[in-house]
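Within every chain, numbering begins at 1; the chains are lettered A, B, ... in the order of the sequence lines, protein sequences first and strands thereafter.
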Amino acid sequence: MNIATVIVDVPALGTDKEFDYLVPKKWLGVIEPGMRVAVPFGPRTIQGFVTGLKIDSPFSNKLKELKEPLDLTPVLNEELLALGEWLATDTLSFKISCFQAMLPAAMKAKYEKRFRRINMEDNPFLDELFKGQTEISWKTAEEQNILQAIREEITKGNAEVIYDVKSRARKKTVKVYQTIMDNENILALFNSLPSNASNQKKILEYVLKVQSDQYTAKELSETGAPQSSIQGLVKKGVFHEKSEEVYRDPFEHKQFARTSPLPLTIEQNEAITPILSTIESEQYETFLLYGVTGSGKTEIYLQSIQKVLDKGQEAIVLVPEISLTPQMVDRFKSRFGDDVAVLHSGLSIGEKYDEWRKVQRKEAKVVVGARSAVFAPFENLGIIIIDEEHETSYKQEELPRYHARDVAIYRAKHHDCPVILGSATPSLETFARAQKKVYHQLTLSKRMNNRELPYVSIVDMREEMRDGNRSMFSRELHEKLEERLEKKEQTILFLNKRGHSSFMMCRDCGYVMQCPHCDISLTYHQYTNEMKCHYCGYNTLVPDTCPECSSNHIRYFGTGTQKVEEELYKIFPEARVVRMDVDTTGRKGAHEKLLEHFQSGNADILLGTQMIAKGLDFPNITLVGVLSADTMLHLPDFRASEKTFQLLTQVSGRAGRHELKGEVVIQTYTPEHYSVEYSGMQDYNRFYHQEMVMRKVGSYPPFYYLTLITISHEDLMKTVSTTEKITKYVQSRISDEAIILGPVASPIPRINNRYRYQCLIKYKHEPELKPTLQKVLEHYGQQFIKEGLAISIDVNPYMMM
DNA sequence: AGCACGCCGACT
DNA sequence: GTCGGCGTGCTC
């Protein structure tokens with residue numbers, strides 16, 4: 001077993017396979033599958049993942065030795081290695097991308113090049129090049145414009161290139177001092193020290209008092225003694241100095257009051273029983289925990305996890321990034337303390353790495369995190385929970401385009417443990433599977449303590465307009481806001497901005513500012529006074545006059561949170577408003593601060609976008625206002641109705657979760673739309689049935705699976721003809737049952753000066769589709785790169801743009 | 001992806 | 001005649 005198979009860090013078609021390397025004698029028995037290694041690859045050295053060991057290779061005549069391991073223990077276990085392979089086939093991605101997706105970003109390799117002088121003989125030219133040193137970094141050489149000269153020396157054999165493979169983040173360490181001298185000798189030393197060694201005496205005094213096995217550098221220096229005195233005692237054999245890894249703890253200065261399990265309601269009890277029994281019998285099963293907002297789903301999660309921990313197993317909890325709020329984390333930290341590791345995008349690369357290491361070293365038993373936490377390297381998983389199961393953020397939009405739900409089910413089958421999908425508004429796919437008994441449905445139909453769902457009123461904004469109210473607040477919302485301000489109760493105002501942001505339009509000629517590189521209108525950003533393109537980053541200053549007709553009647557349209565805030569101050573000058581959007585939450589921790597500010601009663605109104613729709617649970621909120629319910633109904637997306645219904649229902653659920661009764665006002669221009677109407681009635685079932693009819697008629701999920709192929713190129717004709725060719729090829733290899741839409745222009749027909757065409761395949765069962773698509777990638781791959789074509793294949797897409 | 005090898009135009 | 005442009009193909 002001295003040959004290792006390695007997947008190398010080159011995400012390309014030709015290299016997406018195992019390469020064989022000899023394991024050097026000194027690493028025999030050390031190198032194991034799942035480890036990262038540095039390997040020579042062509043002329044350079046790169047990172048790779050060992051996937052296996054074997055005794056011979058078809059390349060035995062040209063095998064190279066691998067350079068060194070980059071880990072002491074494997075970072076991917078057997079399960080995760082297999083999962084990576086499966087993921088690569090399932091999502092048509094490169095294996096290396098899948099492996100990297102499973103690990104914290106800190107473990108992705110960073111490559112650096114440097115030059116080393118070999119010829120040490122007297123040579124003024126070489127001395128000059130290397131500035132008298134033996135090595136010079138590639139970067140410095142480049143800056144000083146001596147790359148060419150050095151390259152010549154390399155061909156002459158006077159210098160060589162060294163390729164470094166480095167990790168992005170280092171472990172954070174502190175110096176600790178272990179006591180290696182016994183008390184008696186310390187006392188003797190203390191007495192023998194001359195009187196001017198007062199600092200050393202101070203330390204010894206402290207040591208004799210505390211009597212610990214080891215001390216941190218910080219603790220010793222707090223005695224007032226300088227570093228040099230500590231070193232002196234190390235020399236005298238009192239301490240042994242060593243470095244110890246410490247974790248960067250994002251919650252270091254936070255106290256969590258311990259909570260105990262709460263008594264369950266009859267409904268909760270009925271729901272948790274089957275979950276506990278699958279944990280007990282170690283069986284795979286997927287549950288849909290369908291419970292209205294405020295029905296106590298989290299307590300079911302917590303008690304199920306408790307059961308798993310009692311059995312000595314581990315748990316993964318996935319939460320959408322947007323609702324991974326301090327509130328949510330607190331609930332888990334309070335119940336399970338240090339057993340909890342948290343993984344989300346708010347942490348620095350180093351912090352994420354440390355949380356991951358806690359899991360790897362089995363120091364944490366519960367992971368709470370966003371999408372990628374589904375890959376947590378547990379070996380004895382007892383449960384996987386996906387909260388707000390319907391959230392689209394569980395699908396990764398970059399390669400590998402995986403869905404956390406699919407990965408969770410794959411892992412649960414491997415570990416013989418349950419998956420819990422929790423939601424008040426399940427995705428149609430999930431609910432349909434529960435109806436077909438593929439998933440086991442558990443229902444919580446009542447709010448905790450039988451609290452009523454809030455009263456929802458839907459306001460037709462067209463009528464407001466007809467009656468001469470041109471404000472963005474309907475009369476009803478205005479009245480109710482006034483009422484809350486008087487009663488000192490809190491309000492959430494929700495602005496649905498997705499799919500409808502501020503743009504610039506000339507009122508004289510109707511000109512709308514477009515991005516010169518993409519077929520999309522530019523977005524107005526008030527705080528920088530710029531027009532920006534969200535797709536390519538293009539930006540320009542806001543013009544004073546219309547670039548088309550020079551009129552100065554150029555205005556911006558659309559409602560931003562800032563504009564709402566200004567208007568609020570006009571109508572209610574005394575109201576204290578907290579605004580939450582990308583502008584006010586940009587800085588780290590800002591999100592948390594704003595929420596705390598609101599929670600402590602220092603504000604009357606919380607105004608925000610998507611990010612305030614989920615998970616907030618404040619007792620004093622009695623009014624929720626949705627300013628514009630239907631802005632995303634008109635997006636080119638078959639899930640638009642579903643998303644609208646979910647969002648409205650979720651945001652309504654923020655009201656009246658405690659003693660005070662809640663009210664919701666939804667303002668809309670399309671009150672007759674079923675997703676608005678049924679969310680007002682909080683009636684998921686009727687929405688589900690209506691939406692299923694629409695999906696059936698349109699041949700969309702859950703009746704059909706989808707795969708979206710997008711082709712892009714700088715030349716329009718080339719884009720169209722290639723998409724045509726590929727569509728025909730795919731069509732010829734799959735059955736007539738499949739429906740193929742396209743080629744058609746993408747909803748955004750041009751991004752960054754590249755034209756985009758797509759082809760949508762709808763199918764029920766096409767075993768030949770994946771292999772065909774794989775062939776498309778392999779066959780056209782070389783040609784594509786050569787001709788500047790780009791292809792993207794998204795299996796089960798969530799973004800149709 | 002990188003990097004080397006290799007085959008044709010503008011310079012000393 | 002050579003330097004160097006980037007097209008082509010390989011990496012165990």
Taking A:Glu766 for the side chain and A:Ser735 for the main chain, is one N or O donor matched with an acceptor at less than 3.5 Å? yes

Under 4.0 Å between a side-chain N/O of [X] and OP1 or OP2 of [N], yes or no?
X	N	answer
A:Lys62	C:dT11	yes
A:Lys64	C:dC12	yes
A:Lys113	B:dC3	yes

Nucleotide nearest A:Tyr21 (side chain, heavy atoms from C-beta), chosen from B:dC3, B:dA1, C:dC12: C:dC12

Which nucleotide, B:dA4, C:dC12, B:dA1, lies nearest any side-chain atom of A:Pro43? B:dA4

[N] [atom2] sits how many Å from [X] [atom1], rounded?
X	N	atom1	atom2	result
A:Phe19	C:dC10	CZ	P	12 Å
A:Phe41	B:dA1	CZ	P	13 Å
A:Leu66	C:dC12	CG	C1'	11 Å
A:Lys17	B:dA1	NZ	C1'	15 Å
A:Phe59	C:dT11	CZ	C1'	10 Å
A:Asp16	C:dC10	CG	C1'	16 Å
A:Trp138	B:dG2	CH2	P	11 Å
A:Leu22	C:dC12	CG	P	12 Å

Give a yes or no on whether a salt bridge exists between A:Arg117 and A:Glu135, defined as a side-chain N under 4.0 angstrom from a carboxylate O. no

Can you find an N or O donor on one side and an acceptor on the other, under 3.5 Å apart, linking the side chain of A:Arg44 with the base of B:dA1? yes

Give one of base, sugar-phosphate or nothing for A:Phe94, where a contact means two heavy atoms less than 4.0 Å apart. nothing

Checking all strands, does A:Pro40 fall into the base, sugar-phosphate, or nothing category for heavy-atom contacts under 4.0 angstrom? sugar-phosphate

Apply ring-ring contact (aromatic ring centres under 6.0 Å, His included) to A:Phe125 and list each qualifying residue two or more places apart in sequence or on a separate chain. none

Ignoring hydrogens and geometry beyond distance, is a side-chain donor-acceptor pair present between A:Thr707 and A:Tyr763 at under 3.5 Å? yes

For the residue pair A:Phe19 and A:Phe41, is the inter-centroid distance of their aromatic rings smaller than 6.0 Å? yes

